Amino acid sequence: MILKKSRILVPVIFVSVLALVVIGGCSKKSPMEPQPAVTAPEQPPVETYQPPAPQPEAPVQPTIKPAEAPVTIAKKVQLDDVFFAFDVYALSPEARKILSADADVLSENSDAQILIEGHCDERGTREYNLGLGERRANSTKNYLVSLGVDASRIQTISYGEDRPFAFGHNENAWSQNRRAHIFVR
């Protein structure tokens with residue numbers, strides 16, 4: 001009998017709880033606030049193409065050709081680099097031949113000032129290569145001075161291994177980086 005009552009009682013309790021939840025969950029509705037009317041966005045007025053009013057023609061000015069810019073010394077004087085053997089700053093016979101030709105060009109352009117940059121390959125310490133690059137630049141300068149180029153026209157600087165001409169880790173690249181580059185200013 002208890003079992004029979006519990007079978008009836010469980011659904012009755014369930015329905016009662018469900019009814020309370022539904023009734024308690026409903027809240028009073030607030031009156032609806034009026035919503036503003038939705039209007040279409042304003043379209044800009046359509047513009048039509050109107051050709052510009054005719055302008056009186058300006059008198060044609062004669063074309064004046066600007067004076068040609070003077071050619072700088074650096075553009076007309078080209079000097080060749082000299083190259084060195086590994087760990088050497090003495091000039092080879094080939095380097096002396098190149099510098100003789102460079103000295104002839106400099107004697108024809110007596111107002112040209114030059115900068116000789118000494119360079120090395122990547123082997124050796126940075127400090128050693130800066131010193132070797134300086135010795136290469138100075139030996140190049142001294143030879144040009146011995147050929148008659150005024151020493152006051154020549155400045156030297158060493159970049160050591162810091163500004164390689166050729167990138168690579170082989171003899172082909174290294175041989176191109178062991179040089180004295182002569183830059184006309």
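Along the sequence shown, residues carry numbers from 1. Being a predicted model, the structure only gives us computed values, none of them experimental.
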field: Path from F183 to I154 over hydrophobic side-chain contacts below 4.5 Å
entry: no
Review point. Salt bridge or not for D111 and R153, using N-O below 4.0 Å?
Key: no
Q | Side-chain heavy-atom pair V82, I182 within 4.5 angstrom cut-off | A | no
* Asked: Would a hydrophobic clustering, with Ile, Leu, Val, Met, Phe, Trp and Tyr connected at side-chain separations under 4.5 Å, put L147 with V145?
  -> yes
To the nearest 0.5 Å, atom OG1 of T156 lies from atom CD1 of I114 at 10.0 Å
### Task
Starting from the C-alpha separation in whole Å, work towards a yes-or-no answer on side chain to side chain donor-acceptor pair (under 3.5 Å) for D87 and Y128.
CA-CA 10 Å; D87 201 24; Y128 180 81; 2.3 Å; yes
Self-check item: Short side-chain to backbone donor-acceptor contact, D80 and L99, under 3.5 Å
Solution: no
Review point. Can you check whether N172's main-chain N or O pairs, donor with acceptor, with S175's side chain at less than 3.5 Å?
Key: yes
Around atom CZ of R96, are there more than 12 heavy atoms from other residues, nucleotides or ligands closer than 6.0 Å? yes
Practice prompt. Take D162 and R126 through the test side chain to side chain contact (heavy atoms under 4.5 Å, CB included) and record every step on the way to the result.
Written response: CA-CA 8 Å; D162 292 341; R126 185 172 188 279; 2.7 Å; yes
Please examine the side chains of Q155 and Q113, heavy atoms only from C-beta on, and report whether any two atoms are closer than 4.5 Å. no
Is the backbone N or O of F165 less than 3.5 Å from a side-chain atom of N177, with the two atoms forming a donor-acceptor pair by type? yes
S152 and D150 have their tightest heavy-atom pair at OG-OD2, 2.8 Å
* Asked: Shared ILVMFWY cluster between I98 and V105, side chains joined below 4.5 angstrom?
  -> yes
Distance col, row E134:CD vs N138:CG, nearest 0.5 angstrom, shows 5.5 Å
Is any side-chain heavy atom of C120 closer than 4.5 Å to one of R136?
yes
Subject >> Pair V88-L132, side chain to side chain contact (heavy atoms under 4.5 Å, CB included): steps then yes or no >> reply: CA-CA 8 Å; V88 173; L132 181 58; over 6 Å; no
In terms of hydrophobic clusters joined by side-chain contacts under 4.5 Å, are I116 and L91 together? yes
Contact check, side chains of V184 and N109, non-hydrogen atoms, under 4.5 Å: no
Rounded to the nearest 0.5 angstrom, the OG1-CZ distance for T140 and F84 is 4.0 Å
The complete set of salt bridge (charged side-chain N to carboxylate O under 4.0 Å, His left out) pairs with one or both residues in residues 114-123, sequence neighbours excluded, reads D121-R123, D121-R178, R123-E171
Separation between CZ (F83) and NE2 (H119), nearest 0.5 Å, reads 10.0 Å
Check the side chains of H181 and D81 for a donor-acceptor pair under 3.5 angstrom, ignoring hydrogens and angles. yes
Report yes if the side chains of Y143 and S100 come closer than 4.5 Å at any heavy-atom pair, otherwise no. yes
Value for CD (E127) from CG (L130), rounded to nearest 0.5 Å, stands at 7.0 Å
